[in-house]
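Have a look at the structure below before the remarks.
Chain letters run A, B, ... following the sequence lines, proteins first, then strands; residues in each count from 1.
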Protein chains: 2
Amino acid sequence: MGAPSPTPGPRAAGSEATRRAILDAAEELLASRGEDGLSIREICVLAGVTPPTIYHHFGDKAALVDRVVDDCFAAFDRAFEGRTPPVDPVERLRFGFDRYVEYGATHAVHYRLMFQRPHGRPTPAGLASYDRLRRMVRAIDDAGRLLAPVEDATAAFWSSVHGVTSLLISGFWTREAPAIALARDAILSQLTRPSAKSKKVKQQKPMQRKTKGERHGGT
Amino acid sequence: MGAPSPTPGPRAAGSEATRRAILDAAEELLASRGEDGLSIREICVLAGVTPPTIYHHFGDKAALVDRVVDDCFAAFDRAFEGRTPPVDPVERLRFGFDRYVEYGATHAVHYRLMFQRPHGRPTPAGLASYDRLRRMVRAIDDAGRLLAPVEDATAAFWSSVHGVTSLLISGFWTREAPAIALARDAILSQLTRPSAKSKKVKQQKPMQRKTKGERHGGT
DNA sequence: GCCGGTCTATATCGCCGATATAGAACCTAT
DNA sequence: ATAGGTTCTATATCGGCGATATAGACCGGC
């Protein structure tokens with residue numbers, strides 16, 4: 001496997017197109033029918049291939065899903081780009097929290113596949129994502145504003161944002177639930193100290209009340 | 001359906017025994033083979049019945065799993081009893097956090113079934129459990145020590161303990177990871193204010209730094 | 001002794017993931 | 001160009017799954 005032919009040629013190109021068609025069909029089925037609706041046979045119909053083709057290219061269904069998850073992580077990463085994050089490292093982490101939750105809320109099926117796999121072997125793409133989070137936390141540490149070891153703080157932060165996102169996906173919360181900001185600011189104020197410059201606001205009410213109108217949604 | 005016979009009689013007793021045998025077999029299979037290993041046919045072999053019997057008693061597999069989940073919630077509740085919780089309402093909540101995480105860590109498969117169901121319709125038993133949590137939070141509010149509305153605080157607290165437990169189950173953490181206490185104390189110190197009596201310790205460093213040498217574990 | 005309701009078994013359906021087998025398309029070397 | 005090896009794809013099938021149609025066994029009440 002993977003013997004790199006000197007020239008891929010039209011044959012390999014067609015093969016790659018088949019591979020792509022299978023992945024696209026899988027992602028479409030995943031979005032439209034959910035995880036349970038993702039069957040090899042339906043993928044075959046949608047992609048215009050037969051089962052052995054899928055097994056030849058991906059090995060088994062789990063490996064195919066792994067590739068789909070890779071694509072999901074690419075889209076996940078994209079949710080953090082294309083917007084200018086705050087410069088302040090703590091605010092950047094808060095920004096990351098919101099982007100993370102936003103992705104989970106708008107891609108529930110994908111999120112479950114990425115972070116709630118029953119046989120939780122972390123994908124390389126997942127580890128890369130976690131590493132990006134660790135770097136954001138380390139930037140806070142570099143600024144002398146982290147109150148816990150980087151590893152512990154990273155893990156605790158992730159557990160917080162994952163907990164929020166999980167409950168959001170389960171339909172227990174709405175996206176504007178005050179508990180979200182509550183949980184987010186709890187972990188942030190526990191892990192970090194305010195910057196020296198922003199002393200003027202000093203110890204503003206520990207909970208973030210700045211946003212204007214998130215006050216109408218009851219339970 | 002549901003016409004209550006005047007006297008259940010020995011027949012109904014045998015039926016109830018069959019029902020119990022099916023549930024016991026399902027729980028044993030669940031514990032030994034995991035969620036995926038839980039098949040109607042295997043349950044039949046273990047319980048000594050045939051598939052139509054299961055469908056007669058439970059309707060379909062999802063309903064059977066619902067009954068199993070009910071039993072899990074009973075065991076879950078038991079994890080909070082039999083031990084004398086602290087009297088201080090905040091400390092009682094901290095105690096509940098630890099019991100919750102402990103149950104999740106020692107019953108990973110069951111926890112996933114209870115709280116990570118893909119088709120997340122909350123079981124009545126699950127709602128009852130959440131209500132118990134809400135009462136613990138309300139007790140803090142009654143003591144005048146809650147810093148957020150009861151509903152929001154309850155939800156935020158649950159998201160925190162659920163996030164920790166999920167990551168613990170996924171094998172990402174060990175049970176002694178400092179991040180657990182970090183996340184726990186973060187949400188507690190954000191949601192509550194210290195009691196008037198314990199003023200002597202006042203505003204101890206927001207983060208818990210007491211542990212001595214947790215600085216050797218790099219990446 | 002028969003009868004209506006409750007409970008269980010036999011046999012089967014359609015779908016699933018996976019694969020053994022074989023053939024088609026392509027590249028390389030002669 | 002052509003023979004040989006490699007890569008890719010299709011036909012047909014296996015065993016297992018959830019679910020059910022059908023029918024028989026058991027029991028209480030008339």
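Considering only side-chain N and O atoms, A:Thr53 lies under 4.0 angstrom from the phosphate OP1 or OP2 of D:dA10. The side chain of B:Tyr55 places an N or O atom within less than 4.0 Å of a non-bridging phosphate oxygen (OP1 or OP2) of D:dA19. In this structure, B:Thr18 reaches the C:dT8 phosphate: one of its side-chain N or O atoms is under 4.0 Å from OP1 or OP2. Side-chain N/O atoms of A:His56 include none lying less than 4.0 angstrom from OP1 or OP2 on D:dT9.
A:Glu16 has its CD atom 17 Å from the C1' atom of C:dC26, to the nearest Å. Counting to the nearest Å, the P atom of D:dG18 and the CD1 atom of B:Ile54 are 9 Å from each other. For the pair B:Arg19 CZ and C:dT6 P, the interatomic distance rounds to 15 Å; values are reported in whole Å.
Ring-plane geometry between B:Trp158 and B:His162 is classed as tilted, the angle between the planes lying from 30 to 60 degrees on a 0 to 90 degree scale.
Contacts between residues 57-68 of chain A and DNA chain C, defined by a heavy-atom separation below 4.0 Å, involve A:Asp60, A:Lys61, listed by number. Less than 4.0 Å separates DNA chain D from at least one heavy atom of each of the following residues of residues 38-52 of chain A: A:Val49, A:Thr50, A:Pro52.
What you find for A:Val164 and A:Ala183 is that their closest heavy atoms are CG2-CB, 3.6 Å. Shortest non-hydrogen contact noted between A:Gln116 and A:Ser166 is NE2-OG, 3.2 Å.
The stretch residues 42-74 of chain B participates, sequence neighbours left out, in these ring pair (Phe, Tyr, Trp, His ring centres under 6.0 Å) pairs: B:Phe73-B:Phe115.
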### Evaluation steps, salt bridge (Lys or Arg N to Asp or Glu O under 4.0 Å), between A:Glu27 and A:Arg33
CA-CA 10 Å; A:Glu27 290 178 31; A:Arg33 309 262 214 107; over 6 Å; no

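Listed by chain and residue number, B:Asp131 satisfy the salt bridge (charged side-chain N to carboxylate O under 4.0 Å, His left out) test with B:Arg135 (two or more places apart in sequence, or in another chain). Every residue two or more places apart in sequence or in another chain was checked for a ring-ring contact (aromatic ring centres under 6.0 Å, His included) with B:Phe95, and none qualifies. For A:Phe97, the ring-ring contact (aromatic ring centres under 6.0 Å, His included) partners two or more places apart in sequence, or in a different chain, are A:Phe157.
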